[in-house]
Amino acid sequence: LAVLILFNKAQAQNYDESKVPAYTLPEVLASADGTVVDNKAAWEKKRRPEVLRLFENNVYGQMPQGYDSIAFTLTNDVVNAMDGQAHLKEVTITVWRKNKSADINLVLFVPTKPQKPVPAFLLINNRDKSNTDPSRTTKSAFWPAEMVIDSGYAVAAFHVSDAAPDNKDTYQEGALQLYPEQEGADNGTKAIGAWAWAASRVMDYFQEDKDIDARRVAVVGHSRGGKAALWAGAQDQRFAMVYSNCSGNTGAALSRRRFGETVKVINDQFPHWFADNYKKYNENEAALPVDQHMLLSLIAPRPVYVTSATEDLWADPKGSYLSLLHAQKAYKLYRRHSALTPEPPAVNSPIINSYLGYHNREGAHDLTKYDWANFIQFANYHASGQH
Ligand code: GTR
């Protein structure tokens with residue numbers, strides 16, 4: 001029986017380009033009343049809020065709103081970290097609502113050299129906490145803090161488990177305790193929404209830290225963290241840039257394109273990630289009122305960078321690129337330059353000089369120095385004002 005089940009599961013996944021069935025994407029600029037928006041004012045006033053609500057109600061759940069108070073406690077302060085190259089600050093962000101509190105622990109390195117305030121990269125860390133070791137005893141390519149500091153950017157991270165444990169039985173034991181009304185609601189937020197909420201609380205902190213240029217903060221995430229980074233950037237317009245690394249299904253990849261992971265597979269394996277309403281679309285993606293190109297469109301006109309990896313077919317590299325291509329319509333409303341080509345670029349050939357950036361790295365499902373080096377190039381391009 002087990003063999004049979006495994007066989008059936010394997011059959012549900014398609015990795016054959018010639019077997020991708022035809023699909024029709026919802027029109028990002030077409031409003032519910034049938035009018036097609038053709039200018040940024042109408043997009044911002046009418047269609048953008050509509051798309052945001054559709055994602056909240058059908059996919060990620062409602063973004064928890066408001067809190068009673070927030071406090072930032074510096075728990076470790078090392079002025080001469082990284083051989084004097086950086087100032088380390090560890091900050092506990094405590095949020096209170098209805099007599100309950102949640103803590104988000106932030107690790108932040110600020111470069112010593114350039115003039116402050118500096119722009120920053122914030123990683124939503126979904127891997128082991130050692131990847132963002134503040135003592136730098138462990139140095140990981142997943143968060144190459146020294147390299148980012150050398151490039152003149154601050155680099156920060158928090159761990160997803162502070163916001164919501166990545167577990168179907170315990171995901172409510174973090175920040176969601178502050179928002180009990182979310183539980184049981186069909187459009188209630190779960191873990192991915194809680195991680196995005198936490199990224200916004202870090203942004204609340206950045207707005208108070210004089211070392212950080214809060215108007216130039218990029219949110220970065222890998223895989224499930226990449227799904228959260230996109231959702232954070234889509235709903236919180238204070239994020240100036242968004243980086244989605246190998247985010248795959250319900251991240252950058254188109255859901256209707258049947259290749260790799262599907263909505264049913266992700267909902268069955270991770271019932272604690274998305275709203276209960278999302279389960280309605282198991283094996284029924286065509287009924288979704290959105291697809292993921294519309295999530296990327298919500299980031300317009302801010303720069304967005306999507307990556308894939310050649311061995312990471314589960315996350316559908318081509319479907320991720322196509323999603324980005326279809327998001328161009330929203331960027332065009334703002335006359336933002338796109339260097340995307342109709343076909344995905346060659347492996348290891350990043351598209352940097354563009355509001356919509358992309359690379360397909362050779363190798364496995366991971367976040368590496370190669371990815372970060374291109375993230376920095378993309379940020380440099382957008383800081384240079386050459387475009
Ligand atoms: C997988 C999941 C993907 C992706 C990945 C990860 O098991 O199916 O959607 O999120 O985990 O986070 O590494």
Side-chain angles (χ1 to χ4, degrees), residues 6 8-15 55 59-61 123-132 140-143 157-171 189-196 198-199 219-234 242-275 278-279 281-283 285 288 291-292 295-296 306-321 323 360-361 363-368 371-372:
L6 272 176
N8 279 340
K9 199 179 163 203
Q11 273 215 325
Q13 256 56 64
N14 174 43
Y15 290 110
F55 275 107
V59 185
Y60 302 101
L123 175 71
I124 301 176
N125 179 20
N126 58 297
R127 291 257 177 106
D128 193 273
K129 279 186 183 160
S130 64
N131 283 291
T132 61
S140 158
F142 196 77
W143 191 68
F158 71 91
H159 196 265
V160 293
S161 61
D162 288 356
D166 193 359
N167 179 300
K168 70 176 170 43
D169 299 318
T170 58
Y171 73 93
T189 234
K190 297 198 183 195
I192 300 260
W195 303 343
V219 60
V220 183
H222 165 67
S223 203
R224 63 197 72 186
K227 304 179 210 293
L230 287 171
W231 181 229
V242 183
Y243 292 86
S244 149
N245 198 77
C246 296
S247 63
N249 189 279
T250 324
L254 292 174
S255 299
R256 280 172 176 75
R257 209 183 99 88
R258 199 168 187 94
F259 194 99
E261 190 171 25
T262 65
V263 169
K264 175 172 166 47
V265 169
I266 205 167
N267 277 330
D268 286 355
Q269 246 198 308
F270 305 102
H272 61 291
W273 280 1
F274 308 109
Y278 196 42
K279 278 86 179 167
Y281 303 101
N282 289 350
E283 305 283 5
E285 286 90 345
L288 271 165
D291 209 314
Q292 298 305 110
L295 181 67
L296 300 177
V306 170
T307 82
S308 305
T310 53
E311 293 164 18
D312 190 16
L313 297 181
W314 181 248
D316 190 10
K318 186 170 180 191
S320 304
Y321 186 77
S323 181
N360 188 16
R361 171 178 48 76
H365 179 70
D366 200 357
L367 174 55
T368 70
D371 299 315
W372 279 100

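Atoms within a ligand are numbered from 1 in the order they appear, just like the ligands themselves.
- Checking only distances, Ser247 never comes within under 3.5 Å of ligand 1, N or O to N or O.
- Using a 4.5 Å cut-off on side-chain heavy atoms (C-beta onward), Trp273 and Ile266 make contact.
- Interface atoms of ligand 1 facing Trp273, defined by a heavy-atom separation under 4.0 Å, are 10 (O).
- The aromatic rings of Tyr60 and Trp231 lie parallel to each other, their planes meeting at an angle below 30°, with 60° marking the opposite boundary.
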*Start with the C-alpha gap between Val220 and Asn245, add the side-chain angles, then the distance that decides, and say whether side chain to side chain contact (heavy atoms under 4.5 Å, CB included) holds.*
CA-CA 8 Å; Val220 183; Asn245 198 77; 5.7 Å; no
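- Annotation: atom 3 (C) of ligand 1 to nearest protein heavy atom, Glu261 OE1, 3.3 Å.
- Counting heavy atoms closer than 4.0 Å to ligand 1, residue His365 contributes side-chain atoms (C-beta onward) but none from N, CA, C or O.
- With sequence neighbours excluded, no residue satisfies ring pair (Phe, Tyr, Trp, His ring centres under 6.0 Å) with Tyr281.
- Closest to atom 10 (O) of ligand 1 among all protein heavy atoms lies Ser223 OG, 3.2 Å.
- The nearest protein atom to atom 7 (O) of ligand 1, hydrogens excluded, is given as Phe270 CZ, 3.4 Å; this is a heavy-atom distance.
- Those atoms of ligand 1 with a heavy atom of Ile266 less than 4.0 angstrom away are 9 (O).
- One finds a salt bridge joining Arg258 and Glu283 here, because a Lys/Arg side-chain nitrogen approaches an Asp/Glu carboxylate oxygen to under 4.0 Å.
- Residue contacts with ligand 1 leave out Asn249, since none of its heavy atoms falls under 4.0 Å from the ligand.
- With ligand atoms numbered from 1 in the order given, ligand 1 contributes 1 (C), 2 (C), 3 (C), 8 (O) to contacts under 4.0 Å with heavy atoms of Trp314.
- At the top of the distance list for atom 11 (O) of ligand 1, counting protein heavy atoms only, stands Arg224 NH2, 2.9 Å.
- Exactly one residue among Asn267, Thr262, Asp268 makes a side-chain hydrogen bond (donor to acceptor under 3.5 Å, both in side chains) with Lys264. That residue is Asp268.
- Listed by chain and residue number, nothing satisfies the salt bridge (charged side-chain N to carboxylate O under 4.0 Å, His left out) test with Lys168 (two or more places apart in sequence, or in another chain).
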